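Quick caveat, the model's predicted, so the values are computed rather than measured. Position 1 is the first residue of the sequence, and the numbers go up from there.
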Amino acid sequence: MDLTLDLSSIPTSPLQEINKVIVLEAESGESRRNCLQQWLNQAEDRGATTWLLNCDHNEDGPWAGLKDLLTDILPQVQAQAADLIIKHNYELTRVLPALRRTISVRYPSLTDIAAQKEQIRNYPADRAFRIIHGIIDFLTAWFERSQNSRWVIACDRYDFSGGLVRIFFAELMRRRSQQLNLTLLVAIAPEANHKDVIGKFSNQYLEHIRLNLLPSPTTNISLQEMARLAGKLEQRLENDLIEQEIHLPRLIRYLLLSNQPKLALKYQIKAAAIYNRKGFYEDALAFAQAALLQLERYCPEDTQKRWLIHSMLYTSYVALDKPLEAFEIMERAMQGTNNPDNLFQGCFMMAMLYIRELQEQDIVKAEAYLERGLAELARSNIPEDVKLFQKTFNRNGMALIRYRQGRHQEAVELCQWCYEQVNALLNPEQHLLYRSVLLFNIAQVYDFIGNHEEAIDYFTAAMAIDSNYSEYYNSRGNLYFKMDCLNDALEDYLKAIELSAPYPEVWANVGQCYRRLGKIPEAVHAYSTALDLQPNQFSVLVARAQVFDMLEQPQAALADYNAALALDANQPLVLANRAILHYEAGRYQQALNDLNQAITWAPEIADLYQNRAVAFTALEREEEAAQDLKTYLQLNSFGQ
C-alpha cells in the first residue's frame, strides 16, 4: 500500500508560525505518522530542526516522547556544552534513568538514596513539576548555545501521553515557545477527549486540522508471540532496577496482550511502587488502579496484594490532593483485613487524613486512630525492636496532633522522645532520613512558638544529616528572614535553588529578601523568575508591581496590578495602589473607579477616603471631595 500523502490540500502556513500548537485529528497509524513526517520535512526545507516523537506512555512510561527528544539531543550537548548536563543532571536522570549508569547526581537527598525499607518520606507532587521546569531550562540553554534554528516538534499518539509529558509540553509552550522559535504538532484520534488531552494548552496557541486518513490495517500477533516477547524482556529486567524503571510499561503491555495476562499484576504493582517513590503520582495511580482491576479478575483472595495496592492508591491520592478518594480507599482497605501488621499502618494513614488532609479536620478522630494503631501494633507479630521503631512513628504523628492542639511543649517532648528511642535502638547509619525528619519537626514547633534560636539549632541539625534536601534550606531561610537576618536568609535561599530543580516558592522568597536588602533590580529578577515558573501568584505579582513602582516603571507596575486583580478583585489596598498609578498618569476617572471599589470592600480604611478626595478634586467634584475628607478625619479620630 502506498502511504505517501499529497499534502497540497493541507495549509502549510501554520508551520511558518512560531508560538503555535497545531492539533492534528486523524486516525492513528502509519498514514498519520507519514503525514507528520512529511510535514516536518517541509519545515526542515525551511531550515527548522525537527523531531517526531511517540508519546504513548503504555510503551515508554511517564516520560514517553520527551525521553526520545532528550536522547537525540544529549550527544550534541555532551560534545559542545557538557556543563549543562552537569547542571541539570538531577532532572535528566529522572527522565532518562539509564544515564545513572554514567552520571552521578550532584546533590542526592536522603529521599533519593535511602534504602527502600527506610523510605519514610514521599516527595511532594510539585517535585515532578520542578523536573519539568528544569528540563525546559536545559533545552533553552542548549538552544541558545546551538545554531538557534527554529524548532518543530511533532508528538504522535499524544492522546496516550502521560500526565507529566502533557504538563511539560504545555509549560514549554507557555514559557519558551517564542524563545525557541517553537511550533508544536500534536496528533490525536478524532474521538479523543480534548479537555483531558489538550486542555492544558492555552487556547491562544491552538489551531486544529482534521484529516480523514485510513487507519493502519490491524496486525494480529499471536498470544504466544506476545508471551515470548514478554519472557525475553522479563529476563532482561531481572534484578536490574534501572532496566525495570525504563521497560516495565512495555513488559506489562506485552503480558496483557499475551496468553498469560495474570502475570502483568506483579509488574503493575512494581511500576506503581517505582513511580510513587519517584513522585510521579499520576502514573503511579494509573498503574495501581490497573493492578486493582487485575487483582479482582485473577486473584481476589490475595489480601496482602490488595493491601499493598490500596496503600499505593492512598499515597497517590494524598499527593495529588484528593483526600476524599484517599479516605475512601483506606477505609475500604481496613475493612478488608484483620491483619494487625496492616491495620496499625492504616490507622496512622487515617489519622494523617483527619489531622492534615481532609478539609474538615477532626483532631479527636485522628487521636483515636493513633491510639488504635498502638493497640494493633501490640497485637502484631513483628519483632520487638521493629515494634518500638513503629511506635516512634506513631508518636511522631501524635506530636503533630499536640502541635495542632496548641500543646507545643508536649509536641516537642514527643519528637525528642522519638529521636532518643531511634538513637538508642539503631546503629548511627540507620534511618538517617527519619532522624532528620524528627529534628525538622522539632524545629518547626520551636519556630511556631517563637523560640527562634532553638529552631535554628534543630533546623541545622536536620540539615547536617540530610544536607542536600532543598526544602530544609528554604525553611531555615524563612526563619532567618523572620529574624531579620537577611544575609543568612539569602544564603539559605540561594543554596535551596542550587540543590533543586527550579521551584517558584524559593525564588519568591529570594525576591522578598533582595527587596528588604534594597537590591531592587535583583528583586525584580527573582520575582520574575518565580512568575515565569508559576504565573498566577497573586502575592508575587503585587510584590513585583511594587518594586517596578520603586524603579519608576509605571506601565510594568500597572500590568502586574491588573494581573493580580484579575486573580482576586477583592483587594482594596491593591486597588488603591493601582489608583495611584492611574492618578499619576492623569487617568482620574479610572483612579476614582478603583477607589470606589476599594471603599466598597473596605469602608473602614481612612486613607482610602483621603485618596478618593484627591481624585474627586482632580475631577472638579469639590463637594464630594469635602465629604470624603470629613469621613477621613472622622475615621482617624475613632482610631485614636
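At most 12 heavy atoms of other shown residues, nucleotides or ligands fall within 6.0 angstrom of atom CG in Asn212. At most 12 heavy atoms of other shown residues, nucleotides or ligands fall within 6.0 angstrom of atom CZ in Arg297. Other residues, nucleotides and ligands contribute over 12 non-hydrogen atoms within 6.0 Å of the CD atom of Glu191.
Residues passing the ring pair (Phe, Tyr, Trp, His ring centres under 6.0 Å) test with Trp151, sequence neighbours excluded: Trp51, Phe143. Scored by the ring pair (Phe, Tyr, Trp, His ring centres under 6.0 Å) test, Tyr314 finds no partners at all (sequence neighbours excluded). Considering only residues two or more places apart in sequence or on other chains, Tyr281 meets the ring pair (Phe, Tyr, Trp, His ring centres under 6.0 Å) condition with none of them.
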Step by step, work out the side chain to side chain contact (heavy atoms under 4.5 Å, CB included) result for Val506 and Tyr473. CA-CA 9 Å; Val506 68; Tyr473 289 89; over 6 Å; no
Hey, mind stepping through Ser109 and Tyr123 against side-chain hydrogen bond (donor to acceptor under 3.5 Å, both in side chains) and telling me if it holds? CA-CA 11 Å; Ser109 74; Tyr123 276 130; 3.0 Å; yes
Show your reasoning for whether salt bridge (Lys or Arg N to Asp or Glu O under 4.0 Å) applies to Asp594 and Arg587. CA-CA 11 Å; Asp594 276 351; Arg587 298 185 293 269; over 6 Å; no
Determine whether Ile73 and Leu139 satisfy the following criterion, side chain to side chain contact (heavy atoms under 4.5 Å, CB included), listing intermediate values before the conclusion. CA-CA 9 Å; Ile73 287 174; Leu139 292 174; 3.7 Å; yes
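In this structure, the side chain of His57 engages the main chain of Phe160 through a donor-acceptor pair within 3.5 Å. Although no hydrogens or angles enter the test, the distance criterion places no donor-acceptor pair under 3.5 Å between the side chain of Asp156 and the main chain of Ala187. Looking only at distances, a side-chain donor or acceptor of Ser146 sits under 3.5 Å from a matching main-chain atom of Trp142. The backbone N or O of Leu499 lies less than 3.5 Å from no partner atom in the side chain of Arg106, so there is not a single donor-acceptor pair. Between the side chain of Asp159 and the backbone N or O of Ala189, at least one donor-acceptor pair lies under 3.5 Å. Side chain of Ser202 to backbone of Tyr205: no donor-acceptor contact under 3.5 angstrom is found.
Taking a cutoff of 4.0 Å between a charged side-chain nitrogen and a carboxylate oxygen, Glu171 and Arg174 qualify as a salt bridge. Glu27 and Arg32 are not joined by a salt bridge, as no carboxylate oxygen comes within less than 4.0 angstrom of a charged side-chain nitrogen. Under the 4.0 Å criterion applied to side-chain N and carboxylate O atoms, Asp196 and Arg166 are not assigned as salt-bridge partners. Using a cutoff of 4.0 Å between basic side-chain nitrogens and carboxylate oxygens, Arg101 and Asp240 are scored as salt-bridged. The pair Glu91-Arg94 fails the salt-bridge criterion, with no side-chain N (NZ, NE, NH1 or NH2) lying under 4.0 Å from an Asp/Glu carboxylate O. A salt bridge between Glu471 and Arg130 is present, with a side-chain N of the basic residue lying under 4.0 Å from a carboxylate O of the acidic one.
Taking 4.5 Å as the limit, some side-chain heavy atom of Leu211 sits within range of a side-chain heavy atom of Leu24. Contact check for Val23 versus Ile209: no side-chain heavy atoms found under the 4.5 Å cut-off. The closest side-chain heavy-atom distance from Gln571 to Leu565 is below 4.5 Å. Contact of the Ile153 side chain with the Phe169 side chain is registered, since non-hydrogen atoms from C-beta on lie closer than 4.5 Å. A heavy-atom distance below 4.5 Å is found between the side chains of Leu184 and Val186. Contact of the Tyr527 side chain with the Leu541 side chain is not registered, since no non-hydrogen atoms from C-beta on lie closer than 4.5 Å. Taking 4.5 Å as the limit, every side-chain heavy atom of Tyr158 sits out of range of all side-chain heavy atoms of Leu185. Contact check for Leu229 versus Lys232: no side-chain heavy atoms found under the 4.5 Å cut-off.
Contacts classified as side chain to side chain donor-acceptor pair (under 3.5 Å) and involving residues 283-295 (residues at least two apart or in different chains) are given here: Gln289-Tyr317. Note on residues 550-563: pairs passing side chain to side chain donor-acceptor pair (under 3.5 Å), not counting sequence neighbours, are Arg544-Asp560, Tyr561-Asn577, Asn562-Arg578.
Ring-centre distance between Phe168 and Trp63: not below the 6.0 Å cut-off. Remark: aromatic rings of Tyr275 and Phe287 are close, center separation under 6.0 Å.
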Distance-only criterion, 3.5 Å: show the donor-acceptor pairs between side-chain atoms of residues 258-271 and protein atoms not counting sequence neighbours.
residue, atom, partner, partner atom, Å
Ser258, OG, Leu255, O, 2.7
Ser258, OG, Gln260, N, 2.9
Tyr267, OH, Glu234, OE2, 2.3

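Between atom CD1 of residue Ile329 and atom CG of residue Leu292 there is a gap of 6.0 Å, rounded to the nearest 0.5 Å.
Between the side chains of Asp60 and Asn54, no donor N or O sits under 3.5 Å from an acceptor N or O. A side-chain donor from one of Gln179 and Glu144 sits under 3.5 Å from a side-chain acceptor of the other. Using modelled atom types, one finds a donor on one side chain and an acceptor on the other under 3.5 Å when comparing Ser316 with Asn276.
Among the candidates Lys67, Arg100, Arg277, the single residue satisfying the salt bridge (charged side-chain N to carboxylate O under 4.0 Å, His left out) test with Glu245 is Arg100.
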